[in-house]
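In what follows, every chain begins at residue 1, and chains take the letters A, B, ... in the order their sequences are listed.
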There are 2 protein chains.
Amino acid sequence: MTSDPLDRFQTAAQLFKALAHPARLAILDVLRQGEECVCHLEAVLGFRQAYLSQQLAVLREAGILQDRREGWNIYYRIVRKDVFEILDAIRTVLPEQVQRDDLAEPHECDCPKCRRKESPAASSKAFLALNRD
Amino acid sequence: MTSDPLDRFQTAAQLFKALAHPARLAILDVLRQGEECVCHLEAVLGFRQAYLSQQLAVLREAGILQDRREGWNIYYRIVRKDVFEILDAIRTVLPEQVQRDDLAEPHECDCPKCRRKESPAASSKAFLALNRD
DNA sequence: CAATTACATTCAAGGAGTTGAATGTAATGA
DNA sequence: TCATTACATTCAACTCCTTGAATGTAATTG
């Protein structure tokens, strides 16, 4: 009550600062479907590797992401689950695809996770093409 | 899908930028309980008038607030209702008082709205004025 | 119309965020 | 150990945000 309002909302403002960038929102949109390695984000989003690392560092230092090493690759995942609620809340200003999380990203990179998905005979692209109305 | 991710999330990032400031979050916290005039915000938050106007302008231009003139006073209110959901979502990093919206701010200013609330009992200022000498 | 009230806008200096380029590092394999 | 892979960090130029100070403006009162 008597405390400085600027102090009281400092932590919350820091969280919003981390979200106040289109590249970081795009990253979170991909990671909504589960953890991904950096090379996958690079392929899907079309960002340069160093640029991506910088934005991932901001989200990591804000406590939104955590990373996990597995051999050569480092996988990032969302650990602050309330960002899902936040993104849901502003769905009126988000692109439509962000609101439906049922469409899986097509395979576009050479990371182990992508190769595992690829191994079944049909590629996702071919499958979608065959099953379109 | 093929569009630039930076473009797709530009609008959402703009919204978060407006929220990424402790003073603006403090303003929204007060306006949660209903519209208030600038002089009331000034008294409750302890900000200078010009500073307050600047922050209100940011929130207004982001489409979060709308203003309404009534005589001398200008009343601001929240028109983007999803900011309530956003603030609820990050309640883990918000001060406790923000999470309980049952405590009304005490009267601290001379705007018409505050004077209406004050009318039942004797106002301290009016009381002092009447009983001087 | 002049003065007052309540609020808005402009300006400028300083600070913080952005981003390309270059470089550093841990893990793996030969 | 040396090369490679996948990713991180640093640096610098640039842009954008922040904020105090000064000034402007619409509504009201006398």
Report summary line: Of C/dA8, D/dT19, D/dA8, the nucleotide closest to the side chain of A/Ser53 is D/dA8
Query raised in the report: Quick one: is D/dT19 close enough that its OP1 or OP2 comes under 4.0 Å of any side-chain N or O from B/His21?
Result: yes
Query raised in the report: In terms of side-chain heavy atoms of B/Arg69, which of D/dG20, D/dC7, D/dA27 is nearest?
Result: D/dA27
Report task. Measure the CG-CD distance between B/Leu59 and B/Gln54 for me, rounded to the nearest 0.5 Å. Result -> 12.5 Å
Query raised in the report: Between the base of C/dA6 and the side chain of B/Gln49, is there any donor-acceptor pair under 3.5 Å?
Result: no
Requested in this report: Decide whether B/Val58 and A/Phe16 are clustered together by the hydrophobic rule: side chain heavy atoms of Ile, Leu, Val, Met, Phe, Trp, Tyr closer than 4.5 Å, transitively.
Outcome: no
Query - N/O (side chain, B/Arg68) to phosphate O (OP1/OP2, C/dC7) under 4.0 Å - result: no
Report summary line: A/Glu42 atom CD is separated from D/dA6 atom P, nearest whole Å, by 9 Å
Report task. Take the protein atom OH of B/Tyr75 and the nucleotide atom C1' of C/dA6, then report the distance between them rounded to whole Å. Result -> 11 Å
Report summary line: Between CG of A/Asp67 and C1' of C/dA26 the distance, given in whole Å, is 13 Å
Report summary line: Shortest non-hydrogen pair, B/Ala23 vs B/Gln55, comes out as CB-CG, 4.3 Å
**Report entry** Nearest heavy-atom neighbours spanning B/Ala26 and A/Phe9
**Finding:** CA-CE1, 3.6 Å
**Report entry** N/O (side chain, B/Arg24) to phosphate O (OP1/OP2, D/dT18) under 4.0 Å
**Finding:** yes
Query raised in the report: Within the pair B/Arg48 and D/dG20, is there a side-chain N or O less than 4.0 Å away from OP1 or OP2?
Result: yes
Query raised in the report: Should A/Tyr76 be listed as having a side-chain N or O under 4.0 Å from OP1 or OP2 of D/dA8?
Result: yes
Requested in this report: Decide whether A/Arg60 and A/Gln66 meet the rule of one side-chain donor and one side-chain acceptor closer than 3.5 Å.
Outcome: no
Query - Between D/dC17 (C1') and B/Gln14 (CD): distance, integer Å - result: 12 Å
Are any protein N/O atoms closer than 3.5 Å to N/O atoms in nucleotides 28-30 of chain C? If there are, list each pair with its distance.
unit_1: C/dT28; atom_1: O4'; unit_2: A/Trp72; atom_2: NE1; d: 3.1

Query raised in the report: Taking atom P of D/dC17 as reference, at what distance in whole Å does atom NZ of B/Lys17 sit?
Result: 5 Å
**Report entry** Nearest-nucleotide comparison on DNA chain C, the residue closer to the 5′ end among A/Ala23 and A/Ala50
**Finding:** A/Ala23
Query - Carboxylate-amine/guanidinium contact A/Arg32 A/Asp88, below 4.0 Å - result: yes
Report summary line: Atom CG of A/Leu52 and atom C1' of C/dT19 are separated, to the nearest Å, by 13 Å
**Report entry** Spacing between A/Leu45 atom CG and C/dT19 atom C1', to the nearest angstrom
**Finding:** 16 Å
Query raised in the report: Which sits closer to the 5' end of DNA chain D, A/Leu6 or A/Leu56, going by the nucleotide each is nearest to?
Result: A/Leu56
Report summary line: The reported gap from CG in B/Leu56 to CD1 in B/Ile64 (rounded to nearest 0.5 angstrom) is 11.5 Å
Report summary line: Smallest heavy-atom separation, B/Ile90 atom then A/Asp82 atom, equals CA-OD2, 4.2 Å
Query raised in the report: Side chain of B/Gln54, base of D/dG20: donor and acceptor closer than 3.5 Å?
Result: yes
Query raised in the report: Does A/Gln55 place a side-chain N or O at less than 4.0 Å from the phosphate oxygens OP1/OP2 of C/dT19?
Result: yes
Query - side-chain N/O A/Asn73 vs D/dC7 OP1/OP2, d < 4.0 Å - result: yes
Report task. Write down the distance between CD1 (A/Ile27) and C1' (D/dA8), rounded to a whole number of angstrom. Result -> 14 Å
